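In each ligand, atom 1 is the first atom listed, and ligand 1 is the first ligand listed. Along the sequence shown, residues carry numbers from 1. Values in this document were obtained by computation on a predicted structure and should not be read as measured data.
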Amino acid sequence: MRQSHLFTKTRKEAPKDEIAKNAQLLIRAGFVHKEMAGVYSFLPLGLRTLNKIVQVIREEMNAVGGQEIVMTALQDKSIWERTDRWDDAKVDNWFKTEFKSGGETGLGITHEEPLTRIMSSYVSSYRDLPRMVYQFQTKFRNEMRAKSGIMRGKEFLMKDLYSFAKDAAENQEQYDQMRAAYIKVFERLGIGHLTYPTFASGGIFSPFSEEFQTLSDAGEDTIYVHEGKKIAVNKEVMDDKNLATLGLSREELVEKKAIEVGNIFHLGTKFSEPLGLMFKDEDGTEKPAVMGSYGIGPSRVMGVLAEVLSDEKGMIWPKEVAPFAVHIVSLGANADVIKEADHLYETLKDNGIEALYDDRDVRAGEKFADADLIGIPTRLVISEKTLGQAAVEVVTRATGTATMVPESGIIDHLKQ
Ligand code: ATP
Ligand code: MG
């Protein structure tokens, strides 16, 4: 894409009322637009990155047999009453409204209830299990806190997968598969080194659920990290009894701030029983399916990447989720330079390499500052100097290192 066509522009200042670093950076770089507190629109660069995060998650969910669907935002009150999650006294963050034709509805905060009902029309025998079903969908939660930018939206994207099994053992197999898939997801998203499976409250078979927590000073959670085992314990479950259960001792753990990027937990038959998701087992008896739930917030992940993989100049996107693989920057108005940069842009396109091409007629300093802010991992600079050497200057955003690569070898260099 030619940058001169991009409708967004970078900004020197973030809105005064925006206090979160992730939103400040993403707004300044033109990735998101703030609508209201905790409500953000995704602009062309931001949408590209969000879609890439989604795609990484989708590939890993499909790899372990997840089947993708999309459910509705509008919720049928009656099924939420069956699990006692409709009442505002029980769940306090619903956005609710009324149908003109009469009756109430709410915007989905999560989707255990509707998916359990959908599955109940297809699952009737042990032969129909196990299954794993997921979606990417906008969730709505009337969140009180709105200090974390896109990491805590009132409207946000979630990948939610639900597993359905015949018994606890089969459920545990699904859980282990998903846990391994999550580790791969966060590796590919460039935060594997900072992300810890973390014991937290909310377990059904075990006393714990597991959160995936990414270390960040902007995090709202306090966790206790075991570096050697690459696991952590959430402060909410830190006591002597739980540490003993986990075989950990307090001295081995280091207190850190972190943000939850995902979580996985056993649901048992908490939803299948009240919503009637029953199957006939091999021995002829009727049993409720055993369920699990597995969430990741792709929009929160984007905010976390902006928090933890940035420097004072701007963002530094990991390769898999950068809005473009390379940023071509042409310097000056020399016709030969422009011709060479145009040619490079076309060559990359022909080779399937996505490039943002800064073809604007602005000063070099402004181009470099914008490129640093936008944070595409590899920059290709074309100038009178590089032309004289029949080369392209390749700059790595993360380290600032620059090397001259002969023009003829640039595609091979980028593909390595
Ligand atoms: P938190 O503890 O941060 O409030 P949660 O425990 O309510 O989150 P879940 O309901 O399990 O989160 O949601 C699954 C995932 O969705 C979370 O791990 C997180 O990545 C993401 N998520 C949850 N709430 C938000 C939000 N308000 N904005 C953006 N992402 C969110
Ligand atoms: Mg949580």
Side-chain angles (χ1 to χ4, degrees), residues 20 22-23 26 32 34-42 46 50 53-54 56-57 61 73 85 90-95 107-113 115 134-163 175 178-179 181-183 185-186 189 191 194-204 208-216 218-223 232-237 257-267 270-271 291-308:
N22 68 86
L26 292 166
V32 304
K34 184 171 189 169
E35 301 298 331
M36 296 178 273
V39 184
Y40 299 86
S41 293
F42 286 78
L50 186 66
I53 295 170
V54 163
V56 166
I57 301 170
M61 295 301 104
R85 295 215 289 177
K90 294 280 163 51
V91 176
D92 63 4
N93 58 4
W94 277 106
F95 282 104
L107 299 176
I109 48 172
T110 178
H111 282 78
E112 285 84 356
E113 280 80 350
L115 182 58
Y134 74 99
Q135 64 172 348
F136 291 93
Q137 211 207 23
T138 304
K139 306 286 190 217
F140 298 87
R141 294 184 184 176
N142 208 337
E143 300 267 10
M144 283 294 292
R145 289 172 289 176
K147 290 196 200 113
S148 298
I150 68 164
M151 299 196 303
R152 186 172 294 285
K154 296 186 174 107
E155 176 178 340
F156 63 95
L157 194 61
M158 194 196 286
K159 183 284 299 177
D160 43 337
L161 181 145
Y162 305 93
S163 65
Y175 186 95
M178 286 304 303
R179 189 180 189 279
Y182 268 46
I183 290 172
V185 164
F186 296 116
L189 294 176
I191 47 175
L194 297 172
T195 303
Y196 291 77
T198 302
F199 294 101
S201 63
I204 285 198
F208 309 106
S209 71
E210 279 181 284
E211 296 170 339
F212 285 76
Q213 291 274 3
T214 305
L215 302 185
S216 164
E220 292 175 5
D221 289 346
T222 302
I223 65 169
V233 182
N234 194 309
K235 188 175 186 175
E236 65 188 16
V237 297
K257 283 275 167 210
I259 177 93
E260 176 193 317
V261 284
N263 66 18
I264 60 179
F265 49 98
H266 299 287
L267 297 174
K270 185 172 154 189
F271 295 93
M291 293 173 53
S293 154
Y294 311 83
I296 299 181
S299 54
R300 176 178 289 185
V301 166
M302 185 168 148
V304 170
L305 296 178
E307 288 285 341
V308 302

- Query: Would you call E220 and E260 a side-chain contact if the rule is heavy atoms closer than 4.5 Å?
  - Reply: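 Result no, sub-4.5 Å side-chain heavy-atom pair not found.
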- Within-4.5 Å side-chain heavy-atom neighbours: V233 and F208: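 No - every pair of side-chain heavy atoms lies 4.5 Å or more apart.
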Using only atom types and a distance under 3.5 Å, with no angle test, would you say the side chain of [X] pairs donor to acceptor with the backbone of [Y]?
X: R300; Y: V261; value: no
X: S216; Y: T214; value: no
X: E210; Y: I264; value: no
X: D160; Y: T110; value: no

Taking 4.0 angstrom as the limit and counting only heavy atoms of [X], give me the atoms of ligand 1 inside it, by number and element.
X: M158; result: 13 (O), 14 (C), 16 (O)
X: E143; result: 24 (N), 26 (C), 27 (N)
X: V261; result: 18 (O), 20 (O)
X: G262; result: 18 (O)

Which option, [options], owns the non-hydrogen atom nearest [atom]?
atom: atom 1 (P) of ligand 1; options: E211, R152, E220, K159; result: R152
atom: atom 8 (O) of ligand 1; options: E260, K154, E155; result: E260
atom: atom 31 (C) of ligand 1; options: F265, F156, F140; result: F156
atom: atom 28 (N) of ligand 1; options: G153, S201, G303, G202; result: G153

Identity and distance of the protein heavy atom lying nearest [atom]:
atom: atom 10 (O) of ligand 1; answer: R141 NH2, 2.7 Å
atom: atom 21 (C) of ligand 1; answer: G297 CA, 3.7 Å
atom: atom 19 (C) of ligand 1; answer: R300 NH1, 3.6 Å
atom: atom 11 (O) of ligand 1; answer: N263 ND2, 2.7 Å

- Task: Consider every N or O of I296 and every N or O of ligand 1, then say whether any pair is closer than 3.5 Å.
- Result: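 No; the residue has no nitrogen or oxygen that sits under 3.5 Å from a nitrogen or oxygen of the ligand.
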- Short N/O distance, under 3.5 Å, between S299 and ligand 1?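 Between S299 and ligand 1 (N or O atoms, distance only) the closest approach is not under 3.5 Å.
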- Classify the angle between the aromatic ring planes of Y182 and F212 as parallel (below 30°), tilted (30 to 60°) or perpendicular (above 60°).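 Plane angle between 30° and 60°, so tilted.
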- Query: Are K270 and E112 ion-paired here, with the side-chain N under 4.0 Å from a carboxylate O?
  - Reply: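 Not counted as a salt bridge, because no side-chain N and carboxylate O are separated by less than 4.0 Å.
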- Other residues, nucleotides, ligands: >12 heavy atoms within 6.0 Å of K147 NZ: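 Result for NZ/K147: open.
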- Task: With side chain to side chain contact (heavy atoms under 4.5 Å, CB included) as the test, would you mind laying out the steps for I53 and L189 before giving the verdict?
- Result: CA-CA 7 Å; I53 295 170; L189 294 176; 4.1 Å; yes
- Query: Closest N/O/S atom of E260 to the Mg ion (ligand 2), by atom name?
  - Reply: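 Minimum-distance N/O/S atom of E260 relative to the Mg ion (ligand 2) is OE1.
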